[in-house]
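Structure record follows, encoded as structure tokens.
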Amino acid sequence: MAEHALLESVNTSEPTPARPIHWTFWKRVTFRFVFSYFMLYALCSGNATVWGVIPQIGDAIENGLSWPFIHAAEWLAQHWLHVLGLAGKIHNSGSGDRLLDWLSLGVMLAVALTACLVWTLLDRRRRQYQTLFAWFRFTLRLTLGVAMFNYGLAKLFPLQMSPPSLAVLNEPFGNISPMTLLWTMIGMNPLYEMVCGAAEIAGGLLILFRRTALLGALLTAFVVTNVVLYNFFFDVPVKIYAAHLLLMSLVIVTPDLQALVDFFWRHTPSAPSGIWVPPASRKRFRVATIGIEGFFLFMCAVVAPFTYYKSYTAQRASALRPSPLTGHWHVDSIMLTSDGKPAPYLTGDGLPATDIFLEPFGRTMIRASDNALWRSSAKYDSTKRTFVLSSNGHAGSITYAVLQADSAHLLLTPTGKEEKTEAVLRLTRVPLPATYPLLTRGFHFVNEWGLER
């Protein structure tokens, strides 16, 4: 009876009012700065943004929001640092660590600090930002989900690190850059690359679901840490992007850091306390939140894989049926343009191309006169006898008419509007070895000694 009465008293008692949440002054200031900076980077960097997942208009939004920062960086480079040449101008590049990228990051940092100061002066009464933190966390989850799917799919369908190129295979080892060595090492075995890609996709997939978001953020932080180490130690020019992905994953984990320490270090029962979904009292807000998550999941898990699969199948088809022009072509000479001016094919740094490598798997590498290699693309149409060539950093592509006197000589004549500005290129095929030990060595369970040569 006593126990029954006690249960009744417990069940009919008034619920204990929740204690008001109060953040310290420095916690509020830190949040204002972190929120301002990472929202700017996630929405306006032109790199790690969520806009790219939106069909058709995503790129336009991304370019529009990043425009003020990159142009402010260009102005600072030219008028403050007095930088001359390519580094001081906005230019196409495969690098995410250009001088303008670092200056653009500095502009964002200055804007975030200013926003934090103004916010602190105007909003001195608020004691916590729990709801805003939930929206902030939600945005970063979507950003990381898109980033990890793109990173992972480019490896799951081994496209990012392609098989060793003819250009690298025929380059003296000491001339290879650290990045090219890393890319070649990973690209040698597609299965390793695919395992890395699967891990990145797993992190991106888990982070999009609120129940698994904490695990996804932890897995993402673990995987991206390896990417950051690669980028810094092998001089891969994606240092800014990778470092920010790691920082964003750590920001997402921060509200549950105490629970993780309690569980893994102190071995005490604990539960995550961070809010994964923005609180919404209205049904339409809850439906909209679920709809946004569903849209991002569909674009990342269905549409994006289909796009990468098409690129991978095209690469495989090219490897099975390589172009008859596959190989190493040396630029012997150039003929004058119709205006009587010499105009060699220029790479992104403005130096003339000396060699063109048409890879069996469909990609192209161009060597400049300083021996640097440039990622490029080429498309040969045997029916129309045309050859379209474009190089990373080169403005646009050039269409040539092909005249092949024999299997060892090519004459590329520019057509269309490039006829007046580009010169005729005379190419000679360079004989290559039939096999490469790097590619034919294969895997051995039993080794009497390590093969070095």
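Counting begins at 1 with the first residue of the sequence.
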Practice prompt. Could you check L153 against Y309 for side chain to side chain contact (heavy atoms under 4.5 Å, CB included), going step by step and ending with a plain yes or no?
Written response: CA-CA 9 Å; L153 287 171; Y309 176 73; over 6 Å; no
Practice prompt. Step through it carefully: locate the ring centre of F31, locate the ring centre of F35, and say whether they are under 6.0 Å apart.
Written response: yes
Item to complete: Answer yes or no: is there a donor N or O on one side and an acceptor on the other, between the side chain of R126 and the main chain of R28, under 3.5 Å?
Response: no
Worksheet item: Can you check whether A73's main-chain N or O pairs, donor with acceptor, with W80's side chain at less than 3.5 Å?
Response: no
Discussion item. If I compare all heavy atoms of C116 with all of V29, which pair ends up nearest, and what's the gap?
Written reply: SG-O, 3.5 Å
Worksheet item: Any sub-3.5 Å donor-acceptor pair from S36's side-chain atoms to R32's backbone N or O?
Response: yes
Discussion item. Side chain to side chain contact (heavy atoms under 4.5 Å, CB included), that's the test. Do V236 and F232 meet it? Break it down for me.
Written reply: CA-CA 7 Å; V236 181; F232 276 86; over 6 Å; no
Discussion item. Could you go through L432 and N170, starting from their C-alpha distance and side-chain angles, then the distance that decides it, and tell me whether this counts as side chain to side chain contact (heavy atoms under 4.5 Å, CB included)?
Written reply: CA-CA 8 Å; L432 298 177; N170 292 279; 3.6 Å; yes
Item to complete: With sequence neighbours left out, write down each residue that passes side-chain hydrogen bond (donor to acceptor under 3.5 Å, both in side chains) with T180, or none if nothing qualifies.
Response: S177
Discussion item. What I want to find out is whether E74 reaches K89 closely enough, with some N-O distance under 4.0 Å, to be called a salt bridge.
Written reply: no
Item to complete: Taking the six-membered ring for Trp and the full ring for Phe, Tyr or His, determine whether the centres of F445 and F443 are under 6.0 Å apart.
Response: yes
Worksheet entry | Heavy-atom closest contact (T220 atom, S249 atom, distance) | CG2-CB, 4.1 Å
Discussion item. Using side chain to side chain contact (heavy atoms under 4.5 Å, CB included), reason through F149 and V53 one step at a time and then give a plain yes or no.
Written reply: CA-CA 11 Å; F149 262 96; V53 78; over 6 Å; no
Practice prompt. Locate the shortest heavy-atom distance separating I240 from D97; write the atom from each residue and the value.
Written response: N-OD1, 3.1 Å
Item to complete: Might you point out which heavy atoms bring S390 and S376 nearest each other, and give the distance in Å?
Response: O-CB, 3.1 Å
Worksheet entry | Y129 versus D123, side-chain donor and acceptor atoms under 3.5 Å | yes
Worksheet item: Side chain of T399, backbone of V388: donor and acceptor closer than 3.5 Å?
Response: no
Discussion item. Using every non-hydrogen atom in the two residues, find where R429 and G327 come nearest and quote the distance to one decimal.
Written reply: NH1-CA, 4.2 Å
Discussion item. Under 4.0 Å between a side-chain nitrogen and a carboxylate oxygen: does that hold for D256 and R137?
Written reply: yes
Worksheet item: In a check of side-chain contact (heavy atoms from CB on, under 4.5 Å) between W51 and each of N63, V146, I61, which one passes?
Response: I61
Practice prompt. For S377 and R363, test the side chains for any donor-to-acceptor distance below 3.5 angstrom and give the result as yes or no.
Written response: no
Worksheet item: Which atoms form the tightest heavy-atom contact between F361 and P164, and what is the distance?
Response: CE2-O, 4.1 Å
Worksheet item: Between E193 and N189, is any side-chain donor less than 3.5 angstrom from a side-chain acceptor?
Response: no
Worksheet item: Just by modelled atom types, is the V228 backbone N or O under 3.5 Å from a matching donor or acceptor in the N231 side chain?
Response: no
Practice prompt. State whether the side chain of T347 and the backbone N or O of L351 hold a donor-acceptor pair below 3.5 Å, judged by distance alone.
Written response: yes
Worksheet item: When the ring centroid of F357 is compared with that of H330, is the distance short of 6.0 Å?
Response: no
